[in-house]
Protein chains: 2
Amino acid sequence: MISRKDEPFSRSIQNYLKVIYSHTRENRPVSTLGLAEALDVKPASVTNMLQKLDEFEPRLVNYQKHHGVSLTEDGEKEALRVIRRHRLIEQFLYEVLGYSWDRVHSEAEELEHVISPYFEDRLAEFLGEPAFDPHGEPIPNRDLEVTQDESIIPLSLLPVGKKAVVRRVTAGPQELLAYLGEIGLHPGKGVEVVERNPLDGTSRVLVDGMEKFFGVGVTGAVFVSVAE
Amino acid sequence: MISRKDEPFSRSIQNYLKVIYSHTRENRPVSTLGLAEALDVKPASVTNMLQKLDEFEPRLVNYQKHHGVSLTEDGEKEALRVIRRHRLIEQFLYEVLGYSWDRVHSEAEELEHVISPYFEDRLAEFLGEPAFDPHGEPIPNRDLEVTQDESIIPLSLLPVGKKAVVRRVTAGPQELLAYLGEIGLHPGKGVEVVERNPLDGTSRVLVDGMEKFFGVGVTGAVFVSVAE
DNA sequence: AAAATAATTTAGCCTGGACTAAATTAAACA
DNA sequence: TGTTTAATTTAGTCCAGGCTAAATTATTTT
Ligand SMILES: [Mn+2]
Ligand SMILES: [Mn+2]
Ligand SMILES: [Mn+2]
Ligand SMILES: [Mn+2]
């Protein structure tokens with residue numbers, strides 16, 4: 001039983017919680033190996049940290065030896081706090097300081113651990129309480145509620161010929177993001193699949209008046225909503 | 001001999017360098033005790049760190065057992081980099097996010113270690129390459145040059161009856177700064193000493209149309225330039 | 001110049017969060 | 001079901017940067 005002492009969680013702990021959160025959005029309990037990769041840390045270090053996290057008071061994760069971890073209510077709250085800061089900062093860097101959207105992530109990854117609650121509030125206010133970050137990811141509000149639009153689908157599933165609007169571009173490798181930005185594939189832009197290879201899913205896509213070719217690696221990471 | 005490895009200096013090291021820099025602006029080599037107080041750390045820890053700093057390659061400080069430390073060229077460069085970031089951030093918090101000037105310091109104290117060179121450049125540009133922070137302290141420019149106005153004097157030395165303009169309010173305890181802000185004692189404001197007690201230096205001061213009473217603790221920390 | 005006091009340094013310890021190598025457990029396959 | 005392989009955990013280290021207590025050096029006072 002480790003007491004909380006009212007100190008903020010360490011930067012390491014915050015990173016762990018955030019990664020556990022995003023990974024459990026998809027496949028339930030996360031594996032040690034998965035965390036190790038995402039955090040760029042060796043598996044033994046992950047086990048170590050999970051054991052600590054598991055005996056925090058109040059408990060932040062549910063950890064079962066050899067069966068992965070998931071977040072408790074409290075762990076999820078904290079993860080969402082970090083994510084809110086991260087995305088607010090990204091939005092600030094993009095809108096105010098003129099960063100390109102492929103540069104915002106690494107900077108936010110550091111700042112998210114350092115700004116005070118007061119800074120967070122002032123920044124959110126200054127930005128006009130934004131609901132989305134530059135990649136189209138939802139920013140949890142002050143009460144940590146996340147608005148998740150149900151009606152969005154990956155571009156890989158958009159039927160040929162249907163017009164759609166880009167809603168979210170999930171951060172892949174920095175260079176990919178840079179490229180997609182250059183060709184104008186941003187949230188809000190219209191897109192249409194003009195042809196799709198039935199074998200490997202490769203698509204010809206009309207974006208910003210130009211035709212481009214994407215594999216499923218790309219079309220699976222771009223989310224769109226079909227124009228009504 | 002400790003190699004640099006091109007990693008950035010740790011947050012601890014940055015804080016040490018910054019404090020050594022400001023303390024040596026006044027009284028030459030800084031004492032272990034002085035550093036310990038300023039850094040809120042025990043003297044033994046300071047000695048420890050100074051020994052490490054002294055064998056960095058390239059060397060950051062000149063340290064002589066029992067005779068204090070001072071910065072080398074390289075150490076001063078690094079200190080100025082941190083100070084530039086600190087003051088740019090303070091200016092941002094004050095001008096853009098609407099912080100009061102007594103709240104900017106503690107926030108900047110953290111952020112100064114975390115922002116990237118790119119962030120620094122973008123921020124400086126966004127702010128219009130400011131030369132002073134909210135307290136009137138000079139912000140080193142991109143080449144780390146500090147403009148120091150020679151003609152400013154502490155309010156404690158301003159002759160009775162001479163009109164002057166506030167130029168700098170050196171950060172004291174937060175509450176004092178908050179009070180001085182409330183009564184309008186900011187850089188740019190006019191002031192005049194209407195009477196001074198010859199015994200203890202206590203002064204009646206006209207500021208923002210109101211008369212206030214200050215001890216030398218205050219008047220020594222407020223710097224003014226005499227109106228031409 | 002000796003004694004008393006103050007400042008500094010040394011020695012040894014601790015904590016967080018990483019790592020490697022070895023041991024163990026779970027999963028997949030024959 | 002037994003065996004091989006993959007994932008995970010344990011055990012023991014390391015490093016930064018703190019700390020306390022004891023030892024040492026400087027400074028001041030008598
Ligand atoms: Mn992070
Ligand atoms: Mn994002
Ligand atoms: Mn600092
Ligand atoms: Mn300042």
Side-chain angles (χ1 to χ4, degrees), chain A residues 1-20 23-24 27-57 60-70 78 82 109-110 113-114, chain B residues 1-20 23-24 27-57 60-70 78 82 109-110 113-114:
Chain A
M1 195 187 333
I2 295 172
S3 65
R4 266 290 277 99
K5 296 172 195 161
D6 201 40
E7 284 156 11
F9 297 103
S10 75
R11 116 173 9 213
S12 249
I13 291 179
Q14 290 180 2
N15 282 333
Y16 274 87
L17 294 178
K18 213 176 51 156
V19 172
I20 296 172
H23 278 230
T24 44
N27 34 324
R28 293 270 93 197
V30 203
S31 71
T32 301
L33 203 66
L35 289 179
E37 265 166 32
L39 291 161
D40 193 24
V41 142
K42 297 291 185 256
S45 306
V46 172
T47 298
N48 218 312
M49 179 60 101
L50 293 183
Q51 289 169 348
K52 254 193 304 201
L53 250 35
D54 194 49
E55 47 199 31
F56 254 80
E57 194 57 51
L60 295 173
V61 305
N62 294 312
Y63 167 59
Q64 311 240 87
K65 265 189 187 185
H66 295 280
H67 294 87
V69 250
S70 57
E78 178 62 15
V82 181
E109 199 57 53
E110 296 299 319
H113 309 296
V114 161
Chain B
M1 193 190 329
I2 294 174
S3 64
R4 267 289 277 99
K5 295 174 195 164
D6 201 41
E7 284 156 10
F9 298 103
S10 74
R11 119 175 4 216
S12 248
I13 291 178
Q14 291 181 2
N15 283 331
Y16 274 87
L17 295 177
K18 214 176 48 158
V19 171
I20 296 171
H23 277 230
T24 43
N27 34 325
R28 293 269 90 197
V30 202
S31 70
T32 301
L33 204 65
L35 288 179
E37 265 165 31
L39 290 162
D40 193 23
V41 141
K42 297 290 185 258
S45 305
V46 172
T47 298
N48 218 312
M49 178 61 101
L50 293 182
Q51 288 168 348
K52 254 192 306 203
L53 251 34
D54 194 49
E55 47 200 30
F56 253 82
E57 194 56 52
L60 296 173
V61 304
N62 294 312
Y63 167 59
Q64 312 240 88
K65 267 190 186 187
H66 295 280
H67 294 87
V69 251
S70 57
E78 179 62 15
V82 182
E109 198 57 53
E110 295 299 319
H113 309 296
V114 161

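Just so we're on the same page: letters track the sequence lines, and every chain starts at 1. All values derive from a computational prediction rather than experimental measurement.
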Please report the distance, rounded to the nearest Å, between [atom1] in [X] and [atom2] in [N].
X: A/His66; N: D/dA6; atom1: NE2; atom2: P; answer: 17 Å
X: B/Lys42; N: D/dT20; atom1: NZ; atom2: P; answer: 5 Å
X: B/Gln51; N: C/dA11; atom1: CD; atom2: C1'; answer: 12 Å
X: B/Phe9; N: D/dG17; atom1: CZ; atom2: C1'; answer: 17 Å
X: B/Asn48; N: C/dG12; atom1: CG; atom2: P; answer: 13 Å
X: A/Met49; N: D/dT8; atom1: CE; atom2: P; answer: 17 Å
X: A/His67; N: C/dT24; atom1: NE2; atom2: C1'; answer: 14 Å
X: A/His113; N: C/dG17; atom1: NE2; atom2: P; answer: 12 Å

*Do other residues, nucleotides or ligands put more than 12 heavy atoms under 6.0 Å from B/Gln64 CD?*
no
*Quick one: are A/Val19 and A/Val30 in side-chain contact, heavy atoms under 4.5 Å?*
no
*Would you indicate what A/Val41 reaches in the nucleic acid, counting non-hydrogen atoms under 4.0 angstrom: base, sugar-phosphate, or nothing?*
sugar-phosphate
Please check the phosphate of [N] (OP1 and OP2 only) for any side-chain N or O of [X] closer than 4.0 Å.
X: A/Ser10; N: C/dG17; value: yes
X: A/Ser12; N: C/dA18; value: yes
X: B/Ser45; N: D/dG18; value: no
X: A/Tyr16; N: C/dG16; value: no
X: B/Thr47; N: C/dT10; value: no
X: A/Lys65; N: D/dA7; value: no

*With nearest nucleotides of DNA chain C determined for A/Ala44 and A/Ile13 from heavy-atom distances, which residue corresponds to the more 5′ nucleotide?*
A/Ile13
*asked:* Just verifying a value: how many Å separate A/Ser45 OG and A/Asp40 CG, rounded to the nearest 0.5 Å?
replied: 10.5 Å
*Check for a donor-acceptor pair, side chain of B/Gln14 on one end and backbone N or O of B/Phe9 on the other, with a separation under 3.5 Å.*
yes
*Please report the closest heavy-atom contact between B/Asp54 and B/Val61, naming both atoms and the distance.*
OD1-O, 3.0 Å
